[in-house]
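Chain letters run A, B, ... following the sequence lines, proteins first, then strands; residues in each count from 1. The model shown is predicted, which means the values in this text are computed figures rather than measured ones.
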Amino acid sequence: MTHPPRPAEHPTEAVADPTGTARSRLDRSFFLRDAPEVAPDLLGRVLAVDTGEGTVELRLTEVEAYFGANDPGSHARNGRTARNASMFGPPGHLYVYFTYGMHYCANVVCSPDGTASGVLLRGGEVLTGHEIVARRRATARRGVEYARGPARLASALGLDLTHDAADLCAPGDDAPMRILHGTPPAPDLIGCGPRTGVGGAGADTPWRFYIEGDPTVSPYRAHVPRRRARPAGDAPNGPAGGARPR
DNA sequence: GCTAGGATTTACT
DNA sequence: GTAAATCCTAGCA
C-alpha cells in the first residue's frame, strides 16, 4: 500500500522569506524526485506563463501525482507512446495532453529522464493577468472558477499541445514559462485523498493533494465509467457502426 | 479497421 | 442530476 507522503522539505527551498525567495524560481532538482513527493510540495507554488497578451501567474492549490508505468491511473500504464512521450522526459518539463475531444490538461514532469512521472495541475488561483484569463474563460462566473479543474487551468494559462515538453526550468529571465517558490501552505493545511476520475486499482492511491478550504480546489468526483450513446438496436440517429466522422 | 472509453466541462432539465 | 460535446488513444478481431 502506498502512504501519502508528507510535504517534503526540499533542501533548496524553504518557506518564503521576506527577502524575495517567493519570487525566485524553483531549481530543476526540485523536480528530480518522484511525483508523489513533489506533488504536495508544489502547492502554493506559482506557475508563471508569458503569452503574447501578457503574463499570467497562477498559485497552485490542487495537484495529483501519477508515477510509474505500474500506476493504473497513469497515461504511462501502457508504456511510452507518442502521446505521453514527454512524461518520460527530463524533469521540470511540461506534459500537456488533449482529452475528451476538447480539453487540454497539463502535468509537470518529475523524476529522472526515462521515468514516467508527473504531477497533474488541477487547480489554482490567478494572481496576475486577470484580464487575460477573463477573456479566455468567459464562461467562468467567478474568479475562483478561472482555474478550478485541470482543463480550466490549462485554458486559463492558454496551454495547448504546442506547450507539450516545454521547459519550466529553462535558464534566463526571459523564459516563457517558469515556476516560482511562492508561499507553500502550512503542512496541516495540506489535504490528500484519492485521485479524481481514476478507477480500478489506482482509485485507492491518495495522490491528490490540495490546500484545505481553498475555493479554487475542484470538487472530488469518483471515477464513473462513461457510457457511450449507442444505437442499441433501434438507433435513433448516428452512423450505426460506422467509424466516427472526422 | 473498428470500437470503447477517457486524468472534463458545460448546458440543460 | 444528467447528458452532450468531440477527438485521440489503444485494445482487439
> With sequence neighbours excluded, what pairs up with A:His163 under the side-chain hydrogen bond (donor to acceptor under 3.5 Å, both in side chains) test?
Replying inline: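 Partners of A:His163 by the side-chain hydrogen bond (donor to acceptor under 3.5 Å, both in side chains) criterion, ordered by chain and then number, come out as A:Asp160.
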> Sequence neighbours excluded, which residues qualify as side-chain hydrogen bond (donor to acceptor under 3.5 Å, both in side chains) partners of A:Ser24?
Replying inline: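 Listed in chain order: A:His181.
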> According to the Watson-Crick and G-U wobble definition with distances under 3.5 Å, which dot-bracket string, read 5' to 3', encodes DNA chain B, using [ ] for crossing pairs and | for pairs with another strand?
Replying inline: ||||||.|||||.
>> Tell me which pairs pass salt bridge (charged side-chain N to carboxylate O under 4.0 Å, His left out) where either residue lies in residues 103-125 of chain A, with sequence neighbours left out.
In response: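 Sorted pair list: A:Arg59-A:Glu125, A:Glu62-A:Arg122, A:Glu64-A:Arg122.
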For residues 150-159 of chain A, please give each side-chain donor-acceptor pair under 3.5 Å, one per line with the distance, not counting sequence neighbours.
{"unit_1": "A:Arg152", "atom_1": "NH1", "unit_2": "A:Arg148", "atom_2": "O", "d": "3.0"}

> Residues two or more places apart in sequence or in another chain: which of them pass ring-ring contact (aromatic ring centres under 6.0 Å, His included) with A:Phe98?
Replying inline: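 A:Tyr104.
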Check which hydrophobic residues are tied to [X] through side-chain heavy-atom contacts below 4.5 Å, counting indirect links as well, and list them.
{"X": "A:Tyr210", "answer": "A:Val217"}
{"X": "A:Val46", "answer": "A:Leu127, A:Leu180"}
{"X": "A:Met102", "answer": "none"}

Sort me out a list of protein N/O and nucleotides 10-13 of chain B N/O pairs below 3.5 Å, or just none if empty.
{"unit_1": "B:dT10", "atom_1": "OP1", "unit_2": "A:Arg137", "atom_2": "NH1", "d": "2.9"}
{"unit_1": "B:dT10", "atom_1": "OP1", "unit_2": "A:Thr139", "atom_2": "OG1", "d": "3.2"}
{"unit_1": "B:dT10", "atom_1": "OP2", "unit_2": "A:Arg152", "atom_2": "NE", "d": "2.7"}
{"unit_1": "B:dT10", "atom_1": "OP2", "unit_2": "A:Arg152", "atom_2": "NH2", "d": "2.6"}

> Within the structure, does a side-chain N or O atom of A:Asn78 lie under 4.0 Å from either OP1 or OP2 of C:dG11?
Replying inline: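 For A:Asn78, the contact criterion (side-chain N or O under 4.0 Å from OP1 or OP2 of C:dG11) is met.
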> C:dA10 phosphate, OP1 or OP2: any side-chain N/O from A:Arg77 under 4.0 angstrom?
Replying inline: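 So the side-chain polar atoms of A:Arg77 never come under 4.0 Å of the phosphate oxygens OP1 or OP2 of C:dA10.
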> Where along residues 211-220 of chain A does a heavy atom fall under 4.0 Å from DNA chain C?
Replying inline: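 By residue number: none to list.
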> Heavy atom of residues 61-73 of chain A under 4.0 Å from DNA chain B: which residues?
Replying inline: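 A:Tyr66, A:Gly73 - these, ordered by number, are the residues of the stretch whose heavy atoms sit under 4.0 Å from the strand.
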> Could you give the CZ-to-C1' distance, from A:Arg83 to C:dG11, as a whole number of Å?
Replying inline: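 A:Arg83 atom CZ is separated from C:dG11 atom C1' by 14 Å.
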